[in-house]
Engineer: 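Dumping the structure here so I can ask a few things about it.
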Amino acid sequence: MTEQSRAPRLRGGPRAALVFAAAGLLAAGAAVTMATSASAGTTLGASAAEKGRYFGTAVAANKLSDSTYAGILQREFNMCTPENEMKIDATEPNQNQFSFGNADAIVSRCTANGARMRGHTLAWHSQQPGWMQNMSGTALRNAMINHINGVMAHYKGKIYAWDVVNEAFQDGGSGARRDSNLQRTGNDWIEVAFRTARAADPAAKLCYNDYNTDGQNAKSNAVYAMVQDFKSRGVPIDCVGFQGHFNSNSPVTSDIQANLQRFANLGVDVQFTETDIEGSGTAQADNYQRVVQACMNVSRCTGITVWGIRDSDSWRSGGTPLLFDSSGNKKPAYTAVLNTLNGGSPTTPPTNNPPTTNPPTNPPTNPPTNPPTNPPTNPPGQGGCSASVSLQTWTGGFVATVRVTAGSSSVNGWSVGMTLPSGARIVNVWNASQSATSGSVQFSNVSYNGQIAAGQSTEFGFQADGNASTMTPTCSAR
Ligand code: G2I
C-alpha cells in the first residue's frame, strides 16, 4: 500500500478543522505545542528558526523578477538552494572559465532577505558541461578538484553547507556506487572531493546528498557505510542530505525518522534537502506533516528545504508537490508544515522557556576532522610553529593538506618549506602563496590566515601532478 492510497485523516474539512486536527496529531507533544504557542511563528522560516532550524526552498534565478514568487521567497524561507545555477554546467561552462552570474543573483537576493545558502552541487555525474562529460582518468580527477576549488573560492564564507557530492550510489538493492566518469577515476573520488572542499572553505558544512535514501534500504545502507567509513578515517564530512522526493512509487515510509537518527548517531547533521510530495489536499498535508515531524524529532536534523515554491515552479509540476498552489496561495500542506514546525522540539533542548532568538544549530567553525597523517616534524616552541601534511593520492596526482599550528605564543605570519617529490609540479594552491611550482618550495600565509593564536591552527593545500611521496614540512613563524 502506498502512502498516497492511505485513508486521509480528514476529508475535505475546512482549513480551521485541519489546523486543529494537525495539532491533535501531535498529541505526544501537546504540552510543547501549548508552551510554544505564544511565540509560534507565522512563516515557515520563523517557525523553524524558533526551533533552531531553517526552512528553505530551491530558487531559480529566472523567477526572481516574478513579484509573487519573490514575495513568498522573502516572507517564508530562510535558506536557499540554487535549483540549477550552481551546478557544474552552469558554473564552469568551458574548462577553467567560471561563470557565476545567475548563482550570484540568487546569493545576493537570498542574503538580502536574511536567508542562508546551500550550495548545490560540486561533483555529480549529471549536468556536467560537455567538456567534462568527455573527460576521464587523471585529467577528469584534476578537473573535478579544480572545479571545486574554483567555485568554493568564489563563494568562500557565503555558503552554510555544500552538497559536495550528489547521487553517487545506484538505485535498487546492489548497494554499489553508480557508474559514472567520476566513479571510473577511482573509488576515492568522493573523499578527494570532500578533502578538497574542506581546504577550500573550512567554514562550510560539507554534505553528501542523495535520493531514495530517506528510509532504510540497500541504497541508504550503502551511504551509511560510506559515512561511517569516512568518520572512522577522518575524511571530512559534516552532513547528509536526504532529498525527500516522494510520490506513490516512492512513498513516505514510517522509518524515515529512524533513518535520520542512525545517520545523526554517526556524528553528522542531517537535512531534508529537496522535499516535494506529489498529491493534494489532506493526504498530501498528512505526508508533509510526517516528513517534517521526523526532522523535528531528531535533534541533529537542522532543516528542511522544499524543491520550489509554487506547484508551477516544480520540476514535476503535474504532481502538484509543493506548499503553494500555482497562484501562490497556501495549500493545506503549508498549514500542516507550519503547525508541525510550531509544535516540534528544538534542535537542542532549551534550558528554560522557548528560545526567543535562533539558537545556533552548529558551532561556528568546523572541528578538524581530518587528522594529519604525519606527526609534526618540529614541535611548537615559544614563538614558533609546526606543520604537518596529509596526502590524498591517485595515480599521477595528489592533494596535500598542510596544517600549520602556532606554538605557545601567537604568530603573525608563517612560512612552510617543503621539498616536492621528484617530477611533481603544483597546479593549484589555496590559502597560501608559493615560491615555486616544483622542487624546494616555500609556502607563505595569505592576508587572512597569517595570524594564528597560540596553540591554534590553520590549513592550506595544493594539488600537484606527479606521484606523491612522503614530504617533511618545516615551519617558521614571524
Ligand atoms: O531532478 C530533481 C532533482 C534531483 N536531485 C538533484 C537536483 O539537482 C534535481 O533538480 C532538477 C531541477 O529541479 C531541474 O530543473 O535537476 C534537473 C536536471 O537534472 C533540472 O532540470 C533541468 C532540465 O533537465 C533542463 O532541460 C533545463 O535546461 O533544468 C534545466 C534548467 O531549467
Side-chain angles (χ1 to χ4, degrees), residues 8-10 13-58 68-69 71-80 113-115 244 246 252 257 271-277 279-298 301-311 313-314 320-325 327-347 354-356 358 361:
R9 291 194 167 111
L10 292 167
R15 183 172 298 165
L18 177 66
V19 172
F20 185 74
L25 292 175
L26 304 171
V32 174
T33 304
M34 297 306 290
T36 58
S37 59
S39 64
T42 55
T43 65
L44 302 169
S47 294
E50 285 183 356
K51 302 294 161 38
R53 294 183 173 84
Y54 66 80
F55 204 94
T57 181
T68 303
Y69 182 93
I72 300 173
L73 175 65
Q74 181 180 23
R75 187 183 76 217
E76 298 284 347
F77 297 100
N78 55 10
M79 184 73 72
C80 296
N113 285 350
F246 298 105
V252 179
Q257 181 183 325
Q271 296 106 12
F272 284 113
T273 53
E274 304 180 10
T275 309
D276 49 20
I277 309 179
S280 61
T282 51
Q284 181 180 48
D286 180 43
N287 277 326
Y288 263 104
Q289 187 273 332
R290 296 171 66 208
V291 169
V292 174
Q293 189 66 59
C295 178
M296 301 308 276
N297 289 348
V298 174
C301 185
T302 57
I304 298 162
T305 290
V306 289
W307 205 239
I309 297 180
R310 301 162 299 192
D311 285 334
D313 301 318
S314 170
T320 60
L322 295 173
L323 301 179
F324 295 87
D325 70 19
S327 305
N329 300 309
K330 297 171 183 174
K331 293 167 59 180
Y334 172 94
T335 309
V337 168
L338 186 69
N339 288 339
T340 310
L341 293 171
N342 283 333
S345 307
T347 48
T356 49
N358 179 2
T361 53

Engineer: Do Q293 and T340 get their side chains close enough for a donor-acceptor pair, meaning under 3.5 Å?
Structural biologist: no

Engineer: Do you know which two heavy atoms are closest between Y288 and A333, and how far apart they sit?
Structural biologist: CD1-CB, 3.6 Å

Engineer: Taking Q284 for its side chain and T320 for its backbone only, find out whether a donor-acceptor pair lies under 3.5 Å.
Structural biologist: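 Judged by distance alone, yes, a pair lies under 3.5 Å.
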
Engineer: Indicate yes or no: at least one non-hydrogen side-chain atom of L323 is less than 4.5 angstrom from one of K331.
Structural biologist: no

Engineer: Under 4.5 Å between any side-chain heavy atoms of L44 and V306, yes or no?
Structural biologist: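 No, their side chains stay 4.5 Å or more apart.
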
Engineer: Could you tell me which residues satisfy salt bridge (Lys or Arg N to Asp or Glu O under 4.0 Å) with D313, sequence neighbours excluded, listed by chain and number?
Structural biologist: K63, R310

Engineer: Taking only residues two or more places apart in sequence, or in another chain, which ones meet S327 in a side-chain contact (heavy atoms from CB on, under 4.5 Å)?
Structural biologist: D325, N329

Engineer: Going by side-chain hydrogen bond (donor to acceptor under 3.5 Å, both in side chains), name the residues that satisfy it together with N113, two or more places apart in sequence or in a different chain.
Structural biologist: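 Per chain and number, N113 pairs via side-chain hydrogen bond (donor to acceptor under 3.5 Å, both in side chains) with no residue.
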
Engineer: To check you understand the geometry: which heavy-atom pair defines the closest contact between Q271 and C301, and what is its length?
Structural biologist: CA-SG, 4.4 Å

Engineer: If I compare all heavy atoms of L322 with all of G308, which pair ends up nearest, and what's the gap?
Structural biologist: CD1-C, 3.5 Å

Engineer: List the residues meeting ring pair (Phe, Tyr, Trp, His ring centres under 6.0 Å) with Y334, not counting sequence neighbours, and say none if there are none.
Structural biologist: F324

Engineer: Applying side-chain hydrogen bond (donor to acceptor under 3.5 Å, both in side chains), name anything that partners T273, two or more places apart in sequence or on another chain.
Structural biologist: N209

Engineer: Of all residues at least two apart in sequence or in a different chain, which pass the side-chain contact (heavy atoms from CB on, under 4.5 Å) check with S47?
Structural biologist: L338, L341, N342

